[in-house]
Number of protein chains: 2
Amino acid sequence: MSDLLERLRSRGWRLTAQRRVVAEVLDGDHVHLTADEVHARAVGRLPEISRATVYNTLGELVTLGEVLEVSTDGRAKRYDPNAHHAHQHLICSRCGTIRDVHPTGDPLAALPTDERFGFVVSNVEVTYRGICPDCAVGAA
Amino acid sequence: MSDLLERLRSRGWRLTAQRRVVAEVLDGDHVHLTADEVHARAVGRLPEISRATVYNTLGELVTLGEVLEVSTDGRAKRYDPNAHHAHQHLICSRCGTIRDVHPTGDPLAALPTDERFGFVVSNVEVTYRGICPDCAVGAA
DNA sequence: TTGAGTGCAAAGGATTTGCAAGTGG
DNA sequence: CCACTTGCAAATCCTTTGCACTCAA
């Protein structure tokens, strides 16, 4: 559902064809794409869109808090459109697939005050790594 | 205490001046340096050492499991010499400083079986983000 | 001795930037 | 209309690579 575009518009975000396309690409699938993959899909809908614009737009969406940046161990960052639900990532070490999983409690509570060293802690990222079922089958 | 070099030697790691220097730099401070920072400090002890060698060596140490690669949100990876103690990271969103903190329980246990989607989960990374005391003071 | 390790410089991939031209509100 | 966006290409940053040379074991 594209309440993403709604939210952006109501925030006074200048809506251009390029930006709409990027938002739609992110909103469509719930996979976690790299900037380049977003660009590739965007080109399918709007052939003239440039890579720079995709980067700009993704950067803004991250700043606005509508999209999350996920740095995997590999090189290219991935973008997670699911920023409004607290969730964590489960990454396959072999093929790189990312799945969203949902925490049971508040993971922030796991850090006791005496381990905070005076930091004001506002956020936790939790990433599980393992082998996905598909890769487990394919493994030697 | 450089049992790091001990361990490496006993694993049959070919010991060169460059490798020793890199290991010493990592072993010395418990900060989390970028490859370039490691190189800069290594140059202090061994002026001819090249960046490529530092990258090679860091990569090997990671492969050997002696050092951990930490991908922060920024660009350059940081290297964590504290690979033998289970720990998590507390990162200052403003200045990028990384501190090690120590988990109370096993964070792997926090992911229930029905949230594992058939993955064989072997590892969790937990990263807390916030503002460190120094930056809190400096903030407007 | 001799293959593993090194340095250099050039290649590589991901992302950013400068600036002229386009366009949404 | 006009400040904000875009596209393009070149630039930048981090990292890897190819290859001749060196050195630890």
Side-chain angles (χ1 to χ4, degrees), chain A residues 5-6 8-26 32-64 66-80 96, chain B residues 5-6 8-26 32-64 66-80 96:
Chain A
L5 283 171
E6 285 306 300
L8 293 172
R9 192 194 306 272
S10 71
R11 290 222 211 173
W13 203 51
R14 188 167 185 166
L15 192 56
T16 66
Q18 291 83 337
R19 289 175 167 195
R20 178 178 23 256
V21 166
V22 170
E24 284 172 1
V25 166
L26 289 173
H32 303 72
L33 304 169
T34 62
D36 222 48
E37 289 165 346
V38 172
H39 177 245
R41 300 193 182 201
V43 165
R45 296 160 176 247
L46 185 70
E48 330 80 82
I49 192 170
S50 76
R51 223 177 300 269
T53 296
V54 170
Y55 276 105
N56 285 343
T57 305
L58 288 172
E60 286 168 44
L61 291 172
V62 169
T63 299
L64 291 169
E66 295 291 344
V67 160
L68 256 31
E69 221 173 57
V70 184
S71 332
T72 61
D73 42 311
R75 210 86 66 69
K77 293 172 198 155
R78 292 180 175 274
Y79 294 87
D80 181 347
Chain B
L5 282 171
E6 285 305 301
L8 293 172
R9 191 194 306 273
S10 70
R11 290 223 213 171
W13 204 54
R14 189 165 182 168
L15 193 54
T16 65
Q18 292 81 338
R19 290 176 164 195
R20 177 176 26 253
V21 166
V22 170
E24 284 172 359
V25 166
L26 288 173
H32 303 71
L33 304 169
T34 62
D36 222 49
E37 289 166 346
V38 172
H39 177 247
R41 300 195 181 200
V43 165
R45 297 159 176 250
L46 186 69
E48 332 79 82
I49 192 171
S50 75
R51 225 177 299 269
T53 296
V54 170
Y55 276 105
N56 285 343
T57 306
L58 288 172
E60 285 168 45
L61 290 172
V62 169
T63 300
L64 290 169
E66 295 292 345
V67 160
L68 256 29
E69 224 173 52
V70 184
S71 332
T72 61
D73 41 313
R75 212 86 65 68
K77 292 173 199 155
R78 291 178 175 275
Y79 293 86
D80 182 345

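By convention in this document, chain letters (A, B, ...) are assigned in the order of the sequence lines, proteins followed by strands, and residues within each chain are numbered from 1.
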*Given that B:D36 and A:L46 both sit by DNA chain D, which one's nearest nucleotide is further toward the 5' end?*
A:L46
*More 5' along DNA chain D: B:W13 or B:A52, using each one's nearest nucleotide?*
B:A52
[X] [atom1] - [N] [atom2] separation (whole Å):
{"X": "A:H39", "N": "C:dA14", "atom1": "NE2", "atom2": "P", "result": "13 Å"}
{"X": "B:E37", "N": "D:dT15", "atom1": "CD", "atom2": "C1'", "result": "15 Å"}
{"X": "A:E48", "N": "D:dC8", "atom1": "CD", "atom2": "P", "result": "9 Å"}
{"X": "B:R51", "N": "C:dG5", "atom1": "CZ", "atom2": "C1'", "result": "19 Å"}
{"X": "B:N56", "N": "D:dC19", "atom1": "CG", "atom2": "P", "result": "16 Å"}
{"X": "B:K77", "N": "C:dA14", "atom1": "NZ", "atom2": "C1'", "result": "12 Å"}
{"X": "B:L33", "N": "D:dC14", "atom1": "CG", "atom2": "C1'", "result": "16 Å"}
{"X": "B:L58", "N": "C:dG5", "atom1": "CG", "atom2": "C1'", "result": "15 Å"}

Which nucleotide in [options] has an atom nearest any side-chain atom of [X]:
{"X": "B:Q18", "options": "C:dG5, D:dA25, C:dG7", "result": "C:dG7"}
{"X": "B:L15", "options": "C:dT6, C:dT15, D:dA25", "result": "D:dA25"}
{"X": "B:T16", "options": "D:dT15, C:dG5, D:dG7", "result": "C:dG5"}
{"X": "B:A76", "options": "C:dA14, D:dT15, C:dT6", "result": "D:dT15"}
{"X": "B:Y55", "options": "C:dT15, D:dT6, D:dT15", "result": "D:dT15"}

*Test side-chain contact (heavy atoms from CB on, under 4.5 Å) on B:L68 and B:V62 and set out the steps.*
CA-CA 6 Å; B:L68 256 29; B:V62 169; over 6 Å; no
Shortest non-hydrogen contact from [X] toward [Y]:
{"X": "B:L8", "Y": "B:A23", "value": "CD1-CB, 4.5 Å"}
{"X": "A:E37", "Y": "A:H32", "value": "OE1-O, 4.2 Å"}
{"X": "A:H39", "Y": "A:I49", "value": "NE2-O, 3.1 Å"}
{"X": "A:Y55", "Y": "A:A35", "value": "CE2-CB, 3.5 Å"}
{"X": "A:Y79", "Y": "A:T34", "value": "CD1-C, 4.4 Å"}

*Any chance you could measure A:R45, atom CZ, to A:R41, atom CZ, to the nearest 0.5 Å?*
9.5 Å
*I would like to know whether A:Q18 and A:T57 meet side-chain contact (heavy atoms from CB on, under 4.5 Å); could you show each step before the answer?*
CA-CA 8 Å; A:Q18 291 83 337; A:T57 305; 5.6 Å; no
_Overall bend - the helix from C:dT1-D:dA25 to C:dG25-D:dC1, comparing terminal axes fitted on five pairs, nearest 10 degrees_ =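 It comes to 40° between the two terminal axes.
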With the criterion being N/O to N/O and under 3.5 Å, what pairs connect the protein with nucleotides 2-4 of chain C, and how long is each?
from, atom 1, to, atom 2, distance (Å)
C:dG3, N2, B:R14, NH2, 2.4
C:dA4, O4', B:R14, NH1, 2.5

*Would you call A:R78-A:E69 a salt bridge at under 4.0 Å N-O?*
no
*Is the closest basic N to carboxylate O distance between A:E66 and A:R11 below 4.0 Å?*
yes
*Taking only the side-chain nitrogens and oxygens of B:S50, find out if one of them lies under 4.0 Å from OP1 or OP2 of C:dC8.*
no
